[in-house]
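A, B, ... follow the sequence lines: proteins, then strands. Residue 1 opens every chain.
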Amino acid sequence: MSDQGFPRQLRLLNAGDYKHVFDHAPFKVHGKGMLVLARPNALGHPRIGLIFSKKNVRRAVDRNRLKRLVRESIRLQQHRLPPVDIVLLARRGVHELDNESVARQLNGMWRRLEKSARQTRHDTSST
RNA sequence: GGAGUUGGCCAGACAGUCGCCGCCGGUUGAUCCGGGGGAGGAAAGUCCGGGCUCCAUAGGGCAAGGUGCCAGGUAACGCCUGGGCGGCGCAAGCCGACGGCCAGUGCAGCAGAGAGUAGACCGCCUAAGCCGCUUCGGCGGCCGGUAAGGGUGAAAGGGUGCGGUAAGAGCGCACCGCGCGCCUGGUAACAGUGCGUGGCACGGUAAACCCCACCUGGAGCAAGACCAAAUAGGGAUCCUUCGGCGCGGCCCGCGCUGGAUCCGGGUAGGUUGCUCGAGAGGCAUGGCGACGUGCCUCCUAGAUGAAUGACUGUCCUCGACAGAACCCGGCUUAUCGGCCGACUCCCACC
């Protein structure tokens, strides 16, 4: 795996993977227009799945644009993230953000996710 | 030059860096390297028409739905082209569900006297018949006549003129219009300063039921096919009454289930269907045209939690609507601007 690539291993591939995260998600990070759910995995790297529903983002052009921005962000930040399965959900109004602020939002959310994951790991090892 | 009509095309460009998805070649044993490709004119709405797949090879009847001037094009169409008719515009041109209410049934508020085998409210008339009066000229009334005028209405049952009459009236005549028959032109719709005939509505409404002609079987790529953990007991072939199910509104019809013989079935997941096609471009040729035919050349997205992007720089006229999901042909809707061709009207100049 190259340093900055985004191969299939970094994605959630089927309904079972998604269900796994929805059933029990210890980490929740809220951002402007987006919500991240995450659950630790044993793979040694993060994986991500995207849910941009037609209901929340009406135009296909906007859905594609937002997904591409998220993937781009993950691709560049993958080494900072803990080994967790992530599901990113869109909320109403995301399509009004421009590319720059979406990227800024995502960076902030990854930072908070990383922080709470490190906290949890620390807690379990101390008890 | 200005105003307008119409047909077609384009959809920021270039460079660099980091990524994503197919394909080809090498390397391999599943990694790298190189090359090349990667959203639209509407990809959209899913409104029509086809291909493809399964249900029977999609068959018969009824029901239901659609289309609706004519001819042609097409795989097909509710599309396109040409023509006819009607309407709008000075014009180029644009728009039109544009078959049939003398097969039947129905509908028409208000106003108005009367609304479809018409109708006397006002008005006009009083010739003929009867009555009364009379200065013997007539006057009044009754019985009536009348669709020219007023008024109502979206619409009042051909129009104009002359004759005619008591007043009027297609009552008669001329012209116009209309119906019917023939003739001529046209493949046809239809047209005609054509010939004849009829005094003349046959009113409106069929996106009212309906009639006529033509068309339509149902479901859809999550169709369907294949490989196959788990789980449950069944599956294939032959024969066939009844009942049940498939099959979509119904019936006919057809298949499965039932009995006998023989052993494999198929949910999660994966593979496939999946892009070479009513394909694109060029030349020639037939046709007014839509389009057809022949030859040559080219291969031009195939994802499947779903690729086609992000960032930086430069330039300009500072960039709209918007993202393929089986594939085509249309229609409709959204859209910043730019380019090219043809034509019309007006002004100026020659």
Side-chain angles (χ1 to χ4, degrees):
Chain A
M1 189 181 4
S2 74
D3 285 344
Q4 304 281 289
F6 185 62
R8 294 182 73 79
Q9 288 90 329
L10 293 186
R11 307 181 196 177
L12 300 183
L13 291 176
N14 55 48
D17 293 341
Y18 280 83
K19 195 170 182 321
H20 186 72
V21 177
F22 279 118
D23 284 348
H24 179 72
F27 309 123
K28 254 191 203 178
V29 179
H30 295 268
K32 195 176 180 182
M34 287 171 286
L35 168 68
V36 159
L37 300 176
R39 176 174 185 167
N41 64 37
L43 295 166
H45 60 79
R47 294 194 299 176
I48 189 155
L50 309 173
I51 299 179
F52 286 85
S53 70
K54 228 171 192 172
K55 191 178 157 195
N56 290 330
V57 186
R58 282 198 40 230
R59 291 187 306 164
V61 171
D62 288 328
R63 286 198 297 279
N64 281 338
R65 192 188 103 230
L66 291 163
K67 287 185 199 172
R68 282 162 185 159
L69 289 168
V70 174
R71 288 199 205 96
E72 185 73 8
S73 176
I74 283 281
R75 182 173 76 79
L76 298 169
Q77 304 286 326
Q78 54 181 284
H79 300 293
R80 291 179 49 191
L81 289 167
V84 290
D85 288 346
I86 301 166
V87 171
L88 188 139
L89 294 119
R91 295 204 289 210
R92 207 165 298 186
V94 231
H95 64 274
E96 289 165 11
L97 301 172
D98 60 20
N99 289 6
E100 200 186 332
S101 39
V102 169
R104 225 174 19 244
Q105 276 296 315
L106 289 167
N107 276 332
M109 287 164 79
W110 304 144
R111 204 158 45 239
R112 274 177 282 156
L113 177 62
E114 184 211 0
K115 211 163 132 191
S116 53
R118 203 181 326 121
Q119 194 83 42
T120 311
R121 217 163 30 233
H122 183 72
D123 289 352
T124 43
S125 59
S126 61
T127 43

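- Residues A:L69 and A:I51 each lie close to RNA chain B; by heavy-atom proximity, the contact nearer the 5' end of the strand is made by A:I51.
- In a base pair of the Watson-Crick type (N1 to N3 plus N6-O4 or O6-N4) or a G-U wobble (N1-O2 and O6-N3), with each distance short of 3.5 Å, B:A97 is matched with no nucleotide.
- Distance check on atom P: B:C95 versus B:U333 gives 12 Å, rounded to whole Å.
- Comparing B:G129 with B:G157, their P atoms sit 35 Å apart, to the nearest whole Å.
- Across B:A71 and B:A189, the matching P atoms stand 8 Å from one another, rounded to whole Å.
- For the side chain to side chain contact (heavy atoms under 4.5 Å, CB included) criterion with A:I86, the lone passing option out of A:L37, A:V21, A:L113, A:V29 is A:L113.
- The distance from the NZ atom of A:K32 to the OG atom of A:S101 is 7.0 Å, given to the nearest 0.5 Å.
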- Could you go through the side chain to side chain contact (heavy atoms under 4.5 Å, CB included) check for A:R59 and A:H95 one step at a time? CA-CA 9 Å; A:R59 291 187 306 164; A:H95 64 274; 5.7 Å; no
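- Across B:G65 and B:G248, the matching C1' atoms stand 15 Å from one another, rounded to whole Å.
- For A:N64, whose side chain is taken as the heavy atoms from C-beta onward, the closest listed nucleotide among B:A39, B:A310, B:A322 is B:A39.
- Atom C1' of nucleotide B:G19 and atom CD of A:Q78 are separated by 11 Å, given to the nearest angstrom.
- Judged by Watson-Crick or G-U wobble contacts below 3.5 Å, the nucleotide B:U205 has B:G106 as its partner.
- A:Q105 contributes atom CD, which lies 5.5 Å from atom CE of A:M34 (distance to the nearest 0.5 angstrom).
- Separating the C1' atom of B:U335 from that of B:A42 is a span of 9 Å, rounded to the nearest Å.
- Look at the C1' atom in both B:A56 and B:G72: the space between them is 38 Å, to the nearest Å.
- The separation between A:K67 atom NZ and B:U308 atom P is 10 Å, rounded to whole Å.
- You'll find a donor-acceptor pair under 3.5 Å spanning the side chain of A:R68 and the base of B:G323, going by distance alone.
- Following chains of ILVMFWY side-chain contacts shorter than 4.5 Å, one can reach A:L35 starting from A:I51, so the two form part of one hydrophobic cluster.
- Comparing the P positions of B:U241 and B:C254 gives an interatomic distance of 10 Å, to the nearest angstrom.
- Atom CZ in A:R65 sits roughly 14 Å away from atom P in B:U308 (whole-Å rounding).
- Taking side-chain N and O atoms only, A:R75 has no distance below 4.0 Å to OP1 or OP2 of B:G19.
- In this structure, the nucleotide among B:A306, B:G323, B:C311 sitting nearest to the side chain of A:R71 is B:A306.
- Rounded to the nearest Å, the gap between the P atom of B:C315 and that of B:U5 is 40 Å.
- Ranked by how close their nearest RNA chain B nucleotide is to the 5' end, A:R59 and A:N99 are led by A:N99.
- Of the residues in residues 28-40 of chain A, none lies under 4.0 Å from RNA chain B by heavy-atom distance.
- A:V70 places a side-chain heavy atom less than 4.5 Å from the side chain of A:I48.
- B:A260 is paired with B:U237 under the criterion used here, namely a Watson-Crick or G-U wobble arrangement in which both key atom distances are under 3.5 Å.
- Atom CZ in A:R58 sits roughly 12 Å away from atom C1' in B:A44 (whole-Å rounding).
- The glycosidic torsion of B:G8 lies more than 90° away from 0, which places this base in the anti conformation.
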- Decide salt bridge (Lys or Arg N to Asp or Glu O under 4.0 Å) for A:D85 and A:R39; before the verdict, give the C-alpha distance in whole Å, the side-chain angles of both, and the deciding distance to 0.1 Å. CA-CA 5 Å; A:D85 288 346; A:R39 176 174 185 167; over 6 Å; no
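- Between A:E72 atom CD and B:U308 atom P the separation is 10 Å, expressed in whole Å.
- The nucleotide B:C321 finds its pairing partner in B:G40, both defining distances of the Watson-Crick or G-U wobble pair being shorter than 3.5 Å.
- B:U300 takes the syn form, because its glycosidic angle lies no more than 90° either side of 0.
- In this structure B:U146 sits in the anti conformation; its chi angle is more than 90° from 0.
- B:A39 has its base syn relative to the sugar, with a glycosidic angle deviating from 0 by at most 90°.
- Remark: P of B:A306 and CD1 of A:I48 are 10 Å apart, rounded to the nearest angstrom.
- Base pairing annotation: B:G313 forms a Watson-Crick or G-U wobble pair with B:C14, both donor-acceptor distances under 3.5 Å.
- B:C178 is paired with B:G198 under the Watson-Crick or G-U wobble criterion, all donor-acceptor distances under 3.5 Å.
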- Please test A:E72 against A:R68 for salt bridge (Lys or Arg N to Asp or Glu O under 4.0 Å), starting from the C-alpha separation and ending with a verdict. CA-CA 6 Å; A:E72 185 73 8; A:R68 282 162 185 159; over 6 Å; no
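- Between A:D62 and A:V57, the shortest heavy-atom distance links the atoms CB-CG1, 3.5 Å.
- Distance alone, capped at 3.5 Å, is enough to place a donor-acceptor pair between the A:R112 side chain and the A:H30 backbone.
- Glycosidic conformation of B:G22 is syn; the angle stays within 90° of 0.
- Across all strands shown, B:C55 is found opposite B:G217 as a Watson-Crick or G-U wobble partner, with both distances under 3.5 Å.
- Under the Watson-Crick or G-U wobble criterion, with both distances below 3.5 Å, B:G341 is paired with B:U6.
- A straight line from CZ of A:R63 to C1' of B:A303 spans 15 Å, rounded to a whole angstrom.
- Between the CG atom of A:L50 and the P atom of B:U304 there is a distance of 14 Å, rounded to whole Å.
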